[in-house]
Each structure stands twice: as C-alpha cells, then as structure tokens.
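For reference, the structure is listed below as structure tokens.
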Amino acid sequence: MLRSLEERRVAAGDEDVRVAALRTAVAGLRRRLAVLPADFPDRAIAEDELAALAAMTDHGVPEAPRLHRSLLLIAGAIGSVSALSRALTDVRDAVDAFGGRPRR
C-alpha cells in the first residue's frame, strides 16, 4: 500500500522525512570528501555548498530551487571523482524528493 506524501512527511515525528534523508545524505558526502586524499581545484566550493545544504536542513523545509542550485555547484565542483559518485547520487536523490526539478 502506498503512503500519501503527507504521511511520509510526518512518519519521523515532527520532522519531514525528506529533510532527514537530505541531512543524512549530505553528512555522508561530507565524510567521504573529508577522507579523500586527492586534492582538486574546486574542493573548497564543494565543501562550502555541502555546509550550506547542512545548514538548510536545520531550518525547516528548504526551498527546492536553492537545493538544486547547491546540487549543481557540488556536482560541478566534484566533477568526475569516482570515489564520491555514490554519495553524490544519494544527495541528488534526496534533493529530488523535494520536487521542483528544473526543466531542461
């Protein structure tokens, strides 16, 4: 049986489960990035945007356009670092749960 969107939002108590999933995904990518020995030119951009995403999860439900903007900056900064691909996909999936995906 499928749950309604409203039921999923309150399933974790008062916190929106999408926010909790985003917080978990962002924390995972931040951990993976922190232990990555390789340095790349836009690492600081990725770290800053991940910090911004983490902060957004502390203030209720973030705005979808802002989430997508941060995701694009992170993906662009990380580039093709294969060691981070799974964690980046987790963040993307968490952001997509908020809807508002930009049109192509």
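In this structure, Leu36 is not a member of the same hydrophobic cluster as Leu73, with clusters built from ILVMFWY side-chain heavy atoms closer than 4.5 Å. Hydrophobic clustering of Ile, Leu, Val, Met, Phe, Trp and Tyr side chains at less than 4.5 Å, counting indirect connections, unites Met56 with Val61.
A distance of 12.5 Å separates CG in Asp42 from CD1 in Ile74, rounded to the nearest 0.5 Å. Taking OG of Ser85 as the reference point, atom CG of Asp90 lies at 9.5 Å (rounded to 0.5 Å). For the atom pair Asp96 CG and Leu71 CG, the distance stands at 7.5 Å (nearest 0.5 Å). To the nearest 0.5 Å, the span separating NE2 on His68 from CG on Leu72 amounts to 8.5 Å. The CG atom of Leu22 sits 11.0 Å away from atom CG of Asp93, with the distance rounded to the nearest 0.5 Å. We find the CG-OG1 distance between Asp16 and Thr57 to be 11.5 Å, quoted to the nearest 0.5 Å.
Contacts of Ala51 classified as side chain to side chain contact (heavy atoms under 4.5 Å, CB included), with partners at least two apart in sequence or in another chain: Arg30. Partners of Arg31 according to the side-chain hydrogen bond (donor to acceptor under 3.5 Å, both in side chains) rule, which considers only residues two or more places apart in sequence or in another chain, do not exist here.
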Decide salt bridge (Lys or Arg N to Asp or Glu O under 4.0 Å) for Arg69 and Glu63; before the verdict, give the C-alpha distance in whole Å, the side-chain angles of both, and the deciding distance to 0.1 Å. CA-CA 10 Å; Arg69 178 184 174 279; Glu63 296 177 4; over 6 Å; no
For Val81 and Leu88, run side-chain contact (heavy atoms from CB on, under 4.5 Å): C-alpha distance rounded to whole Å, both residues' side-chain angles, the deciding distance at 0.1 Å, then the answer. CA-CA 10 Å; Val81 179; Leu88 180 59; over 6 Å; no
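At least one side-chain heavy atom of Arg23 sits less than 4.5 Å from a side-chain heavy atom of Val19.
Remark: side-chain polar atoms of Arg43 are paired, donor with acceptor, to backbone N or O of Ala38 under 3.5 angstrom.
Across every non-hydrogen atom of Phe98 and Ala64, the tightest pair is O-CB, 3.9 Å. Taking both residues in full, the closest heavy atoms of Val91 and Ala25 are given as CG2-O, 3.4 Å, listed atom of the first, atom of the second, then distance.
Around CZ of Arg32, the count of heavy atoms belonging to other residues, nucleotides or ligands within 6.0 Å does not exceed 12.
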